[in-house]
Amino acid sequence: MIKAEYIWIDGTDPTPRLRSKTRVLESGDSLPALLDSLPQWSFDGSSTNQAEGSSSDCLLNPVWAGHDPLRGGRNILVLCDVYVPGGLPHSSNKRYDCKGISAEYEKEECWFGLEQEYTLMSNGRPLGFPRDGYPDPQGPYYCSVGASNAHGRQIVEEHLDLCLQAGLRISGINAEVMPGQWEFQVGPLGPLMVSDQLWVARYLLERVAEKYGVTVSWEGKPMKGDWNGAGCHTNFSTLAMRTQEGLYEKAAEALRGSAQMHISNYGHGIEERLTGLHETCSYEDFRWGVSDRGASVRIPLQVAREGVGYIEDRRPNANCDPYLVTTLITHTICKELRGE
Ligand code: ADP
Ligand code: MN
Ligand code: MN
Ligand code: MN
């Protein structure tokens, strides 16, 4: 017997949440062949903001499977996208268009590296914040060591191990600028794969934190005032950008024309975070610059020096849907680089 944890993204407005339920399967197959034999499965969409009670069935369609490091053994995690009974993608299913764009621009060999920031919360306060009042101002917490500055490391370390065991391409972790705030990075991978893996990594984090009675806030600005927000910096390159000098400038500039459209799809509450302070550029402006953490788009110093490599879109919020973000960036930049 295999326990398969079917994971999906619900229809919660304005920010979707993760859901999952377990199916016990009798199968002699193992991964990756097992993915092809996994059945579709229905669920009650009226309980996830995805359907009316009168016709509540929605369909889970398995798209990714990996070892379940929480249960171990032959058990698996199964990421799904959601369809309505007629066979069309549900309106909450942003993966569908991401798949289309990925195929359309396959030749460009797009790579994404996503820097997922998040805040660990206990009793409605970030870890490291006293019940009343505030901790010392920001300064010592980023990449900190020591119990007075690093809060929640056990969860963070366990999460990293689980991601590696599940087969995710997680590329690093670090403590962030605000107490209780951390980051993990996924990539570099193509648009669809990086988004699938980011959602599974988010799932694993929620599950580890659950064990400790801690909640994960994906909010872009969990603490108002003089505290850093949480983003999902999105690093992007195409094969041409990685090999032909100077193309990074064209790619960064391509994002100017549709800046507002991108921002409106980069996560709820983004205006609260993109204030122009705390290492952000205002949501009303668009600016790119070399090594500039106050720009919308940063060109890493080494990329400017070598003339080839990736750009960093610093705007996406921690609570963004990576399917939307990678779809838009791929489309906007590749279209421009193709001269279409
Ligand atoms: P920062 O310096 O902004 O904190 P990080 O090291 O946290 O950057 O994250 C950078 C991310 O970019 C990593 O996930 C890394 O794998 C990814 N990355 C590296 N090279 C490329 C590339 N050529 N194209 C896209 N992403 C890349
Ligand atoms: Mn980073
Ligand atoms: Mn960061
Ligand atoms: Mn960054």
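Atoms within each ligand, like the ligands themselves, are counted from 1 in listed order.
- With respect to the Mn ion (ligand 4), Glu312 has OE2 as its nearest N, O or S atom.
- The side-chain contact (heavy atoms from CB on, under 4.5 Å) with Tyr6 is formed by just one residue from the set Gln40, Arg19, Arg23; it is Arg23.
- In this structure, a donor-acceptor pair under 3.5 Å is absent between the side chains of Trp288 and Glu312.
- For His233, the N, O or S atom closest to the Mn ion (ligand 4) goes by the atom name ND1.
- Using the six-membered ring where Trp is involved, Trp227 and Tyr134 have ring planes that are parallel, under 30° apart on the 30 and 60° scheme.
- Checked against the Mn ion (ligand 3), the N, O or S atom of Glu117 at the shortest distance is OE2.
- Residue Glu176 approaches the Mn ion (ligand 3) most closely through its N/O/S atom OE2.
- Salt bridge annotation for Glu272-Lys221: absent, with no cationic side-chain nitrogen under 4.0 angstrom from a carboxylate oxygen.
- Seen from the Mn ion (ligand 2), atom OE2 of Glu183 and atom OE1 of Glu115 lie 100° apart in angle, a value rounded to 10°.
- Side-chain contact of Tyr212 with Glu158: a donor-acceptor pair under 3.5 Å is present, judged by distance alone.
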